[in-house]
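Data block below; observations after.
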Amino acid sequence: MVKLAAKCILAGDPAVGKTALAQIFRSDGAHFQKNYTLTTGVDLVVKTVPVPDTGDSVELFIFDSAGKELFSEMLDKLWESPNVLCLVYDVTNEQSFSNCSKWLEKARAQVPGTSLPGVLVGNKTDLASRRAVDPAQAQAWALGQGLECFETSVKEMENYEAPFRCLATQFLHLYREKVELFQGLV
């Protein structure tokens, strides 16, 4: 039984639901904040995620940073050496989806020369009548970037755990690959 720890960056534009996603995940669906409060600086959410069918687990240290801080020096420090990335957009806001490429570039710049496992999460699917981003378009973009793609409604508590379980699984696989590589060198 392996217990790992991974630094997870939660990235995306302001008001896409990053904090709500992190909070509802931490509380196992018990806490949805109805009133929006802008994240200033960074919030840290820590939760252990069991990896299905393995007996192993990954403790995710989720860095939830303010969405308006794309070019801030503070963000560079907070985002130093991430292990996994959770990129969030609002399915009713085309611009928040378009900006994902900038957030992804910023995150990958923190780990030059290495791969950064990650997920793309379209949030607010409960607002179906206002949808502006086609799920197939998001899926295709995510695939092209090497990301897994999910949609969720934090408000309706739908599918909010799946992206984090995927990140934990990705990180465990990366760890196992490195262990095998090192064992092959001995």
Side-chain angles (χ1 to χ4, degrees), residues 2-33 39-52 54 56-70 72 74-90 96-97 99-123 138 141-142 145-152 154 157 159-178:
V2 176
K3 284 189 175 183
L4 303 172
K7 181 176 183 177
C8 174
I9 293 174
L10 197 56
D13 281 2
V16 296
K18 298 182 301 294
T19 299
L21 179 63
Q23 296 299 335
I24 205 159
F25 175 65
R26 173 177 39 201
S27 69
D28 293 318
H31 177 74
F32 175 72
Q33 188 174 336
T39 302
T40 55
V42 70
D43 287 333
L44 178 63
V45 172
V46 181
K47 183 166 178 179
T48 301
V49 182
V51 178
T54 65
D56 300 329
S57 62
V58 176
E59 188 171 33
L60 289 177
F61 289 78
I62 303 167
F63 284 71
D64 173 20
S65 54
K68 63 182 178 52
E69 306 288 342
L70 183 57
S72 117
M74 181 183 78
L75 196 61
D76 289 338
K77 291 288 182 208
L78 294 170
W79 280 22
E80 224 167 42
S81 305
N83 301 114
V84 292
L85 170 68
C86 183
L87 194 53
V88 184
Y89 71 96
D90 174 349
S96 73
F97 174 68
N99 288 343
C100 283
S101 58
K102 294 177 192 159
W103 289 107
L104 180 60
E105 184 181 325
K106 176 88 171 171
R108 286 185 170 159
Q110 304 301 316
V111 286
T114 59
S115 69
L116 180 62
V119 295
L120 175 68
V121 181
N123 189 28
W141 183 82
Q145 300 300 321
L147 303 172
E148 295 288 329
C149 189
F150 296 89
E151 286 198 339
T152 186
V154 173
M157 291 184 261
N159 210 31
Y160 65 90
E161 291 178 312
F164 297 105
R165 281 198 305 264
C166 179
L167 289 170
T169 302
Q170 287 177 338
F171 185 69
L172 178 65
H173 287 309
L174 199 59
Y175 166 79
R176 286 182 174 166
E177 285 174 13
K178 287 183 178 179

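Looking at N83 and L174, their side chains never come closer than 4.5 Å, going by heavy atoms from C-beta outward. Residues F164 and L21 form a side-chain contact, since some pair of their non-hydrogen atoms from C-beta on lies under 4.5 Å apart. Put simply, the side chain of P117 does not reach to within 4.5 Å of the side chain of L167, judged on heavy atoms. Looking only at side-chain heavy atoms (C-beta outward), T152 and P163 stay at 4.5 Å or farther from each other. Using a 4.5 Å cut-off on side-chain heavy atoms (C-beta onward), V46 and E59 make contact. Residues V58 and Y175 have side chains not in contact (no heavy-atom distance under 4.5 Å, counting atoms from C-beta outward).
Distance check, rounded to the nearest 0.5 Å: CZ of F171 to CG of L60 gives 9.0 Å. Separating the NZ atom in K18 from the CD1 atom in I62 is a distance of 13.5 Å, to the nearest 0.5 Å. Rounded to the nearest 0.5 angstrom, L44 CG and L10 CG are separated by 11.5 Å. Taking CG from L87 and NZ from K106, the interatomic distance works out to 14.0 Å, rounded to the nearest 0.5 Å. Note that CD of E105 is 12.0 Å distant from CG of N99, once rounded to the nearest 0.5 Å. Atom CD1 of I9 is separated from atom SG of C86 by 11.0 Å, given to the nearest 0.5 angstrom.
When each of D13, L147, V16, L120 is checked for a side-chain contact (heavy atoms from CB on, under 4.5 Å) with C100, only L120 meets the rule.
Taking R108 as the reference, nothing meets the salt bridge (Lys or Arg N to Asp or Glu O under 4.0 Å) condition, with sequence neighbours excluded. Qualifying ring-ring contact (aromatic ring centres under 6.0 Å, His included) partners for F150, counting only residues two or more places apart in sequence or in other chains: none. Not counting sequence neighbours, K7 has no partner by the side-chain hydrogen bond (donor to acceptor under 3.5 Å, both in side chains) test.
The two residues C149 and A142 come nearest to each other via the heavy atoms CB-CB, 3.8 Å. Closest approach of C166 to V119, counting heavy atoms only: SG-CG1, 3.8 Å. The shortest heavy-atom contact between P50 and S57 is CA-CB, 4.0 Å. Closest approach of A11 to W79, counting heavy atoms only: CB-CH2, 3.5 Å. Closest approach of N159 to E151, counting heavy atoms only: ND2-O, 2.9 Å. Contact between S81 and V111 at its shortest, heavy atoms only, is CA-CG1, 4.3 Å.
A donor-acceptor pair is defined here as one N or O able to donate and one able to accept, closer than 3.5 Å; no such pair exists between the side chain of N123 and the backbone of V88. Judged purely by atom type and a 3.5 angstrom limit, S96 uses its side chain to pair as donor or acceptor with the backbone of D90.
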Please report the C-alpha distance between Q23 and V45 in whole Å, then the side-chain angles of each, then the deciding distance to 0.1 Å, and finally whether the side-chain contact (heavy atoms from CB on, under 4.5 Å) criterion is met. CA-CA 8 Å; Q23 296 299 335; V45 172; 4.1 Å; yes
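For the pair K47 and F25, the distance from NZ or CZ to the six-membered ring centre is under 6.0 Å and the angle to the ring normal is within 45 degrees.
For the 3.5 Å distance criterion, the side chains of D64 and T19 qualify, holding a donor opposite an acceptor.
Salt-bridge check for R176 with D56: passed, with a basic side-chain N closer than 4.0 Å to an acidic carboxylate O.
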